[in-house]
2 protein chains.
Amino acid sequence: MSLRFGLLGLLSYQDMTGYDLKKAADATIGGFWDAQASQIYRELNYMEDLGWLTSVIEFQTDRPNRRIYSVTSSGHQAFLQWLLENHTDKGHLNKSVFMMKIFFSGEHSTAENIRVFQQFKKNCEIKLAELESKNKQDFPFGMTRDNHPDQALYWEFTDNFAKAYYKLCLTWANDCVAALEKRLAS
Amino acid sequence: MSLRFGLLGLLSYQDMTGYDLKKAADATIGGFWDAQASQIYRELNYMEDLGWLTSVIEFQTDRPNRRIYSVTSSGHQAFLQWLLENHTDKGHLNKSVFMMKIFFSGEHSTAENIRVFQQFKKNCEIKLAELESKNKQDFPFGMTRDNHPDQALYWEFTDNFAKAYYKLCLTWANDCVAALEKRLAS
DNA sequence: TGGGTCATGTAACCTGTTACATGATTAG
DNA sequence: CTAATCATGTAACAGGTTACATGACCCA
């Protein structure tokens, strides 16, 4: 699994600094991958050691210097190979803390669990709103849909998935709340 | 975070060995948590050090001895506290290798990507079939729905979620394939 | 004057994964 | 005869998280 290859992919669109990458990642793969800045810097370092990246420092006087990374040909090869490796992610719903808690929620009162679901719904609504609004503006750093017509379709696919996912969460949570309220009434 | 509490939860239903826990986990929380046996044993050890569990060895002659774990009161307290901690899992679609690959799939040919989606669909269908069949039999180790009426509703909630999730994956993948075929035709 | 942005990182830690090892019994 | 089941683990590693540190500039 790997942020690693996500970074390679983004850098293949455009040379960037770690700081830029954090923002680019949030704006592009952020719907399904939450990247930590500290990890980004670590990965960049590691990949430079591997020879997958090279970097140049841009000196600035009024702001901190910027270290700009570029993918080498061996880095791009590694990326392409990763893309071809068998995609069988075992179904990718294989670690959900929230579901774990729900599973054991019989320990709590019905009323309390309704509140938990309502909180969950709020979070989903926020996520959905973020995804909808993001859609209107284009991707940053020169990665526009016009710029990358072949890629844009796949960007939409992942976007659609994320949206559909959070909508599913909302309807599911509504059903759960309905069932719990029914129990309260009886 | 954290198989640990899942194990505590299951042990609160019934005393068990690590081996039993692996099977119980697969049968109960397996829809949304893939637990490794090696990690189970490590966690059991660790929790015994913490004083959250105690264990007794059951000697057997014809088979390996069994180490049976029970939750202590401090273990149960830790479990309850975890349940109450704020549930805000940031949305739990925050790490998907599959989506990462799809996002960057513009590098491949349309035909190849159609095959990738078809493989994905097959995996989802298998998962769905597993979930449907599991439903018919009851949970193992005395954890029946009649036995735990308060819990059973929440078990169903997580079950419903997993099923709805894989169904969503299927319809999404179908839409993607349709879009790709349309592109092939034009 | 306080908080946000720009920009880089380190260190310790936690959690989960992979690969391996052992060895008897039982069912096909 | 072979594979699965029972049953327990260890060791090394990979990947991700949290907390912290630095410091200037800009805007309200």
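Below, chains carry the letters A, B, ... as their sequence lines are ordered, and counting in each starts from 1. Only heavy atoms go into these numbers, but all of them, side chains included; no hydrogens, no water, no symmetry mates.
Following rounding to the nearest Å, A:Asn45 (CG) and D:dA14 (C1') show an atom-to-atom distance of 17 Å. The separation between B:Leu7 atom CG and C:dG16 atom P is 10 Å, rounded to whole Å. One can place CE of A:Met16 at 17 Å from C1' of C:dT8, the figure rounded to the nearest angstrom. One can place CD1 of A:Ile40 at 15 Å from P of C:dT10, the figure rounded to the nearest angstrom. In this structure, A:Glu43 atom CD and C:dG9 atom C1' are separated by 14 Å, rounded to whole Å. Regarding A:Gln60, its CD atom lies at a distance of 12 Å from the C1' atom of D:dC25, rounded to whole Å. Between the CG atom of A:Leu21 and the P atom of C:dA7 there is a distance of 13 Å, given to the nearest Å. Across the protein-nucleic acid pair, B:Asn65 atom CG and C:dT25 atom P stand 13 Å apart, rounded to whole Å.
No N or O donor and acceptor, one from the side chain of A:Ser38 and one from the base of D:dT17, sit under 3.5 Å apart. On a pure distance criterion of 3.5 Å, no polar donor-acceptor pair joins the side chain of B:Thr17 and the base of D:dT8. With hydrogens and angles ignored, a donor-acceptor pair closer than 3.5 Å exists between the side chain of A:Arg42 and the base of D:dT17.
Taking the six-membered ring where the residue is Trp, B:Phe104 and A:Tyr13 present tilted rings, their angle falling between 30° and 60°. Taking the six-membered ring where tryptophan is involved, the planes of A:Phe103 and B:Phe32 are tilted, since the angle between them lies from 30° to 60°. Between B:Phe117 and B:Trp172, the two ring planes are perpendicular [angle over 60°; tilted spans 30° to 60°].
The residue from B:Asn123, B:Ile126, B:Leu131 that alone fulfils the side-chain contact (heavy atoms from CB on, under 4.5 Å) condition with B:Tyr166 is B:Leu131.
In terms of heavy-atom proximity, A:Asp20 sits nearest to A:Arg66 at OD2-NH2, 3.3 Å. The two residues B:Leu3 and B:Ala35 have their closest heavy-atom pair at CD1-CB, 3.9 Å.
Considering only side-chain N and O atoms, A:Lys22 lies nowhere under 4.0 angstrom from the phosphate OP1 or OP2 of C:dC6. The side chain of A:Tyr19 contributes an N or O atom lying less than 4.0 Å from OP1 or OP2 of C:dC6. Contact annotation: B:Tyr41 reaches the phosphate of D:dT8 (side-chain N/O to OP1 or OP2, under 4.0 Å). Taking side-chain N and O atoms only, A:Lys95 has a distance below 4.0 Å to OP1 or OP2 of C:dT17. Contact annotation: B:Gln36 side-chain N/O to C:dG16 OP1/OP2 distance is not under 4.0 Å.
Over its length, the helix from C:dT1-D:dA28 to C:dG28-D:dC1 turns its helix axis by 50°, as judged from the five terminal pairs at each end, rounded to 10°.
Nearer to the 5' terminus of DNA chain C, by closest-nucleotide assignment, is the contact made by A:Arg63 (compared with the other of B:Arg4 and A:Arg63). The 5' end of DNA chain C is approached more closely, in terms of each residue's nearest nucleotide, by B:Ala35 than by the other of B:Pro64 and B:Ala35.
Ring-centre distance between B:Tyr154 and B:Phe157: below the 6.0 Å cut-off.
For the residue pair A:Ser55 / A:Arg67, a side-chain donor-acceptor distance below 3.5 Å is found, with atom types taken as modelled.
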